[in-house]
There are 2 protein chains.
Amino acid sequence: MTPRTTFREVQAEILRRITHGPWGPGSLLPSEIDLAQEFACSRATVNRALREVDALGMIDRRRKSGTRVRMAPVRQARFEIPLVRAEIEAMGATYRYALVRREVLPTPDSLRALMNLGPESQLVHLICVHYGDGAPYQLEDRWINAGALPQARDHDFAAQSPNEWLVATVPFSEVEISFQATAATDLEATHLNHNPGDPVFQVKRSTWWQGQAITHTTLSYRPGHRMTARY
Amino acid sequence: MTPRTTFREVQAEILRRITHGPWGPGSLLPSEIDLAQEFACSRATVNRALREVDALGMIDRRRKSGTRVRMAPVRQARFEIPLVRAEIEAMGATYRYALVRREVLPTPDSLRALMNLGPESQLVHLICVHYGDGAPYQLEDRWINAGALPQARDHDFAAQSPNEWLVATVPFSEVEISFQATAATDLEATHLNHNPGDPVFQVKRSTWWQGQAITHTTLSYRPGHRMTARY
DNA sequence: ATACGTATTATGTCTACTCATAAGGAGCCA
DNA sequence: TGGCTCCTTATGAGTAGACATAATACGTAT
């Protein structure tokens with residue numbers, strides 16, 4: 001029982017009029033005051049509804065000019081980036097994790113520029129495999145800045161995957177993520193049931209905290225992997 | 001000159017306290033009323049600030065229980081999906097487009113299930129290439145539902161790319177998008193400077209409008225292409 | 001001890017009003 | 001034809017107060 005008009009109702013009706021109704025691309029919407037009158041609610045309610053439609057990228061709002069339906073909506077896809085464990089368990093599979101390699105090395109030249117580190121810096125290098133129902137799902141090749149996170153030198157990554165340790169240790173970092181297709185290396189072929197040279201879906205992720213590089217990771221997926229989103 | 005506390009200031013301070021300050025993962029934030037008192041503003045202002053922090057996936061809000069900092073933030077990457085033209089022109093390159101093939105065919109079996117179409121349905125099939133500064137950038141393999149969009153049968157796609165025609169014709173559709181790595185086909189090799197079998201970054205996109213399949217597209221990128229986002 | 005109803009409390013949302021700010025447009029003057 | 005000021009208008013954002021709703025806490029009856 002909500003006799004009052006809610007901003008969700010207003011929003012739904014506005015969306016309907018844009019997608020199915022009289023407000024086509026480029027058209028000018030009535031002012032907030034007029035809409036408030038029409039929907040018999042306060043201007044604040046209309047404002048909130050319009051602000052959320054704006055966040056969807058479907059309208060363009062300008063002071064004095066008014067609110068206009070975009071000619072082409074600003075398309076944006078949102079991908080949730082879950083922990084591998086959650087991703088695998090969400091498919092109903094049993095998660096297992098194995099540490100393949102663990103070493104402390106001076107920073108390789110290829111990562112020096114990427115992580116903005118000096119020549120004497122050291123990185124903890126980890127290679128591990130994530131399995132779903134016993135089948136390899138993802139190969140993780142991770143480098144952790146030992147200068148920024150000295151605890152990483154001594155941590156035992158055999159029990160807990162580095163990703164889970166990191167989100168618990170540095171929860172709110174800045175992240176740059178990129179997707180690409182590459183040819184399978186011998187390492188990827190060995191651990192992911194690929195043949196060398198096969199196409200591999202890779203995610204590269206760099207994270208920073210307070211201007212310091214924390215970790216750089218390459219995630220390689222099993223053959224046929226897809227990332228999907230709706231919008 | 002804004003002597004009043006704005007919701008942005010409140011939001012910034014809350015974010016600071018979560019990321020650098022005293023409110024670590026799992027901790028309970030003061031109630032909106034207490035925060036309003038502390039920041040000398042109204043509850044509505046605090047509410048708006050907290051609502052936006054919630055949208056970032058950093059806190060968990062529950063009636064009666066209060067607001068809690070998440071143990072691990074809900075990571076979400078947002079990708080803007082621009083028109084190829086805009087993508088290429090944003091790099092400072094000159095955009096050119098070429099139509100390679102245009103035909104009307106009965107729906108292939110592989111697409112019948114995907115687009116939920118009957119056996120007598122027909123699709124407009126288009127293959128085109130998008131160039132940046134004369135070099136091939138993206139190969140577009142598109143199928144348009146001729147039943148839902150009869151205008152597509154007669155439209156001349158030599159002048160305008162199908163994507164631009166479609167966003168002008170059916171601007172607000174539902175989209176499913178997925179990314180994957182595949183091996184280059186002969187067609188991709190011919191038009192994108194790949195060798196057959198090379199890894200190709202592919203984007204597949206299906207769009208629907210009012211429950212009807214509109215179009216299904218496979219976008220294949222030139223060698224080395226990356227999709228990048230920050231969050 | 002367990003089950004159930006009730007009080008409490010924090011968030012969710014709406015109203016009504018106020019002032020701020022960006023920007024289009026009219027009018028005026030050189 | 002400019003270029004300038006000033007008025008008007010639509011959104012942006014704040015205040016205070018009210019009621020709704022979900023969920024926990026607690027006290028009482030069985």
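- For the salt bridge (charged side-chain N to carboxylate O under 4.0 Å, His left out) test, no residue two or more places apart in sequence or in another chain qualifies with A:R51.
- In this entry the distance linking CD1 of B:I33 with P of D:dT15 reads 14 Å, nearest Å.
- Between the C1' atom of C:dT13 and the CG atom of A:N47 lies a distance of 14 Å, rounded to the nearest Å.
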Mind listing the N/O atom pairs, protein and nucleotides 3-7 of chain D, below 3.5 Å?
none

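- Here B:T67 reaches the OP1 or OP2 of C:dT11: one of its side-chain N or O atoms lies under 4.0 Å away.
- When distances run from any side-chain atom of B:K64 to the nucleotides C:dT13, C:dT8, C:dT11, the shortest one goes to C:dT8.
- Between the CD1 atom of A:I59 and the P atom of D:dT11 there is a distance of 9 Å, given to the nearest Å.
- Counting heavy atoms from C-beta outward, B:D60 and B:T67 have side chains that stay 4.5 Å or more apart.
- The shortest distance between the side-chain N/O atoms of B:R8 and the OP1/OP2 oxygens of D:dA13 is below 4.0 Å.
- In this structure, a donor-acceptor pair under 3.5 Å is absent between the side chains of B:H225 and A:Q180.
- Under 4.0 Å is where a charged nitrogen must lie from a carboxylate oxygen, and between A:E164 and A:R85 at least one such pair does.
- Within the cation-pi definition used here (under 6.0 Å to the ring centroid, within 45° of the axis), A:R222 does not qualify as a partner of A:Y137.
- Counting any heavy atom pair closer than 4.0 Å across all strands shown, A:R68 reaches no nucleic acid atom.
- Picking from D:dA13, C:dT13, C:dA23 the nucleotide with the shortest atom distance to the side chain of A:F7 gives C:dT13.
- In this structure, of D:dG14, C:dT15, C:dG12, it is C:dG12 that holds the atom nearest to the side chain of B:R61.
- In this structure, a donor-acceptor pair under 3.5 Å is absent between the side chains of A:R68 and A:S27.
- Nearest nucleotide to the B:R63 side chain, out of D:dG14, C:dT13, C:dG12: C:dG12.
- Taking every side-chain heavy atom of B:R48 into account, D:dA13 is the closest of D:dT24, C:dG24, D:dA13.
- Rounded to an integer number of Å, the gap from CG of B:D54 to P of C:dA10 is 18 Å.
- Nearer the 5' end of DNA chain D, as judged by each residue's closest nucleotide, is the contact made by A:R62, out of A:A44 and A:R62.
- Whole-Å rounding puts the A:F39 CZ to C:dT15 C1' distance at 17 Å.
- For A:T45, a side-chain nitrogen or oxygen approaches OP1 or OP2 of C:dT15 to under 4.0 Å.
- Atom-to-atom, CD of A:E32 to P of C:dC19 comes out at 18 Å; the value is rounded to the nearest Å.
- Between the CD atom of B:Q37 and the C1' atom of D:dT15 there is a distance of 15 Å, rounded to whole Å.
- The side chain of A:S31 approaches D:dT11 more closely than any other nucleotide in the set D:dT24, D:dT11, C:dT13.
- One can place CG of A:D60 at 12 Å from P of D:dT11, the figure rounded to the nearest angstrom.
- Taking 4.0 Å as the cut-off between side-chain N and carboxylate O, B:R17 and B:E38 count as a salt-bridged pair.
- Electrostatic pairing of A:E174 and B:R230 counts as a salt bridge here, judged by a charged N lying under 4.0 Å from a carboxylate O.
- Checking D:dA23, C:dG12, D:dG12 against every side-chain atom of A:R43, the shortest atom distance belongs to D:dG12.
- Residue B:S42 places its side chain closer to D:dT15 than to any other of C:dT13, D:dT9, D:dT15.
- Sequence order on DNA chain C of the closest nucleotides to B:P30 and A:A40 puts B:P30 first from the 5' end.
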